[in-house]
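Taking it in order: structure first as structure tokens, then the write-up.
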Amino acid sequence: MASVCNTSSSTTTTLKTPFISSNTSLGSTPKPSQLFLHGKRNKTFKVSCKVSNGGDQNQNIETNSVDRRNVLLGLGGLYGVANAIPLAASATPIPSPDLKTCGRATISDGPLVPYTCCPPPMPTNFDTIPYYKFPSMTKLRIRSPAHAVDEEYIAKYNLAISRMKDLDKTEPLNPLGFKQQANIHCAYCNGAYIIGGKVLQVHNSWLFFPFHRWYLYFYERILGKLIDDPTFALPYWNWDHPKGMRLPPMFDREGTSIYDERRNQQVRNGTVMDLGSFGDKVQTTQLQLMSNNLTLMYRQMVTNAPCPLLFFGAPYVLGNNVEAPGTIENIPHIPVHIWAGTVRGSTFPNGDRSYGEDMGNFYSAGLDPVFYCHHGNVDRMWNEWKAIGGKRRDLSEKDWLNSEFFFYDENKKPYRVKVRDCLDTKKMGYDYAPMPTPWRNFKPKTKVSTGKVNTSSLPPVNEVFPLTKMDKVISFSINRPVSSRTQQEKNEQEEMLTFDNIKYDNRGYIRFDVFLNVDNNVNANELDKAEFAGSYTSLPHVHRVGENDHTATVTFQLAITELLEDIGLEDEDTIAVTLVPKKGGEGISIENVEIKLVDC
């Protein structure tokens, strides 16, 4: 069932919070006059997972790569895609990558990444690399919200990053260096690692959360080692709270170690972020934008993530063409990357030109210090999601728990790690300073319609679909498999609005929003309405060499049990659905739409 009990704060645990300014109110909401929007910008975000063997930059082995199709950035859970990959039929534990196969990554529609992402030094015998054991600790490292830290912390953070960058100059092959640490993300995302002849990819599946948790764990310990402070903790970008819905000010100081000249210049000076943005400015007020952000957080954390596979993403299968990321990986994870990253072809103050870097492309994201701050909050969402309750718990599948990654620790020693060992942050030696989570009580209650839309005035679903193009707002009626379900029935099965065989050209943006019980006059820029169900979005991406078909095929599902309760349609046999194209609608076709009951 999608509904959960609401609470007003994320935790009641008292933690000592280091370096938080005494004049900063963590829980206060800024006045609308303190916020402002910036100008319009249009961006693309393309990621490739192509590699070349060894030093031969021209030898392409992309035929062995996982075809990273249909990058879904929907506001709804991808339960349909997850169910399309039976656990027993496919997902086996992912072992640590064979480092000897590490090759070069490629920027989509651009040149090879101009450096290798492979980790130095290469272990002589990978089979002898031990599994990591947590060292003893006397106190937890406490990660604080970035917007609230004081000058002492900022100075210490800059010193740690500065020393990490100095290693690039004095020891360019030192695995603790800034660029080498950034290369970890490049190698695991852009196709440098091979397992069984298939490219390893840690995004768009259930590997996303545990990989990035381990990544930040070692990165944080390295920074602490460089400044001789074992208690040092990374900050987290608190974008799920109104006070954190801007670039943290400490990252906007030119000349400091944590400032990135290749960051999008339009996000500076307190610009309010849009957690659902994909490059275009939303034509709405500042207050509405923040309300939309909180609504997106509620939908992603609560409504559309009642089940583990919806939150974490589907099982990862080497060589499988299906991408099935979880709700938070889709939004706001990717939109924050795009918002802070740069437009391809941009000219920077130093005269350089960009290919969608640094945060704007997976291979280069780790070159911006704000990346680790961003993923600190992504990691925090894992804890917050489990705290909501219900069926929100860690996955129990052994194929997930036994998957492995490879990292160097702060002493330059190589280790293998397992997913099963990163489920409890306190056992790992760190925790998060508590912040209010207003999105937990931000269930949209305002209704667009005062009653039920007259479904008899709308065409039935079988007269609208197959749909050849979504070039305008489309409303239709659809029958439910059963109405007036009991609470027990809702607990056992989630009601899913299912879009079968969505097809579109995967070389461009697409996005459409989904509303229930509204007509085609709905204001789609106001997401904080009870009728807003979610969105489907895709980023441009490419195929393997030799493939000329650029058509993506996707099945997309939205959890609607909670929405039907909130709108008052539980007893209705037929409901109204409205699709609002936002980007690329003229190229979207949909074979069929139906409602299914799915085990959670």
Side-chain angles (χ1 to χ4, degrees), residues 2 70-80 274-284 288-305 327 330-332 334-335 338 442-444 446-449 453 458 461 464-465 467 469-478 496-499 502 504 508-539 554-560 562-564 566-567 569 575-590 593 595:
N70 312 335
V71 182
L72 308 181
L73 299 172
L75 307 188
L78 307 184
Y79 199 90
D274 178 1
L275 294 184
S277 174
F278 292 92
D280 295 343
K281 176 183 175 181
V282 176
Q283 300 300 320
T284 189
Q288 182 65 56
L289 181 61
M290 298 185 74
S291 182
N292 286 352
N293 287 343
L294 293 174
T295 300
L296 290 173
M297 288 303 306
Y298 181 85
R299 286 285 184 249
Q300 296 302 81
M301 291 286 284
V302 182
T303 308
N304 289 313
T327 53
N330 293 312
I331 289 177
I334 287 293
I338 298 173
F442 216 79
K443 176 192 288 190
T446 303
K447 299 179 182 180
V448 176
S449 305
V453 169
L458 301 174
V461 63
V464 176
F465 300 91
L467 180 72
K469 61 179 179 179
M470 194 189 302
D471 56 349
K472 61 182 178 181
V473 177
I474 299 170
S475 296
F476 57 91
S477 63
I478 186 171
M496 309 295 294
L497 179 63
T498 305
F499 298 83
I502 302 172
Y504 57 90
Y509 282 149
I510 74 117
R511 173 176 171 175
F512 64 86
D513 296 337
V514 182
F515 293 82
L516 303 186
N517 200 49
V518 298
D519 56 27
N520 55 13
N521 293 317
V522 63
N523 182 354
N525 286 333
E526 296 180 0
L527 303 183
D528 55 344
K529 300 295 183 288
E531 293 87 351
F532 172 64
S535 299
Y536 175 84
T537 308
S538 175
L539 295 174
V554 180
T555 295
F556 173 57
Q557 293 190 317
L558 290 169
I560 62 171
E562 183 185 70
L563 267 71
L564 294 173
D566 296 342
I567 303 172
L569 299 180
I575 62 174
V577 177
T578 296
L579 308 182
V580 182
K582 289 288 189 67
K583 198 81 170 180
E586 64 282 352
I588 301 172
S589 67
I590 303 175
V593 180
I595 297 178

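Values reported hereafter were calculated over all heavy atoms of this structure, with side chains retained and with hydrogens, waters and symmetry mates removed.
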**Prompt:** Once you round to the nearest 0.5 Å, how far does CD1 of I575 lie from CD1 of I595?
**Reply:** 4.0 Å
**Contacts of K447 that satisfy side-chain contact (heavy atoms from CB on, under 4.5 Å) - sequence neighbours left out** = A530, E531
**Message:** Taking side-chain contact (heavy atoms from CB on, under 4.5 Å) as the definition, give me every residue that meets it alongside N525, ordered by chain and number, with sequence neighbours left out.
**Reply:** V282, Q283, N523, K582
**Request:** Keeping the roles fixed (side chain from R299, backbone from L527), state whether a donor-acceptor pair exists under 3.5 Å.
**Result:** no
**Item:** Closest non-hydrogen atom pair between A524 and F515, with its separation
**Value:** CA-CZ, 4.0 Å
**Prompt:** How long is the span from the CG atom in D566 to the OG1 atom in T446, to the nearest 0.5 Å?
**Reply:** 11.5 Å
**Closest heavy-atom pair and its distance - I474, M470** = CD1-CG, 4.0 Å
**Item:** Residue pair L497 / V514, side-chain heavy-atom distance below 4.5 Å
**Value:** yes
**Item:** side-chain contact (heavy atoms from CB on, under 4.5 Å) involving S475 - partner list, sequence neighbours excluded
**Value:** L458, N520, T578
**Asked** Is there side-chain contact between I502 and F512, with at least one heavy-atom pair below 4.5 Å?
**Response** yes
**Message:** For the CD atom of Q288 and the CG atom of N293, what is their distance to the nearest 0.5 Å?
**Reply:** 10.0 Å
**Prompt:** What closest approach, in Å, do L296 and L275 show between heavy atoms, and which atom pair accounts for it?
**Reply:** CD1-C, 3.8 Å
**Prompt:** What residues form a side-chain contact (heavy atoms from CB on, under 4.5 Å) with T498, not counting sequence neighbours?
**Reply:** M496, D500, T555, Q557, E594, K596
**Asked** Is any side-chain heavy atom of K529 less than 4.5 Å from a side-chain heavy atom of V518?
**Response** no
**Prompt:** Does D471 have any salt bridge (Lys or Arg N to Asp or Glu O under 4.0 Å) partners at least two apart in sequence or in another chain, and if so, which?
**Reply:** K469
**Set of residues satisfying side-chain hydrogen bond (donor to acceptor under 3.5 Å, both in side chains) with respect to S291, sequence neighbours excluded** = D528
**Message:** Within the 4.5 Å heavy-atom criterion, are F476 and L579 side-chain neighbours or not?
**Reply:** yes
**Request:** May I have the step-by-step check of side-chain contact (heavy atoms from CB on, under 4.5 Å) for L516 and L564, ending in yes or no?
**Result:** CA-CA 9 Å; L516 303 186; L564 294 173; 4.2 Å; yes
**Request:** Working to the nearest 0.5 Å, report the span between CG of L289 and CG of D274.
**Result:** 5.0 Å
**Prompt:** Can you tell me how far CG of L558 sits from CG of N304, rounded to the nearest 0.5 angstrom?
**Reply:** 5.5 Å
**Item:** F499 versus V593, closest heavy-atom pair with distance
**Value:** CD2-CG2, 3.5 Å
**Request:** First locate atom CZ of F442, then atom CE of M290, and finally report the distance between them rounded to the nearest 0.5 Å.
**Result:** 9.5 Å
**Asked** Can you name the residues that form a side-chain hydrogen bond (donor to acceptor under 3.5 Å, both in side chains) with T295, not counting sequence neighbours?
**Response** none
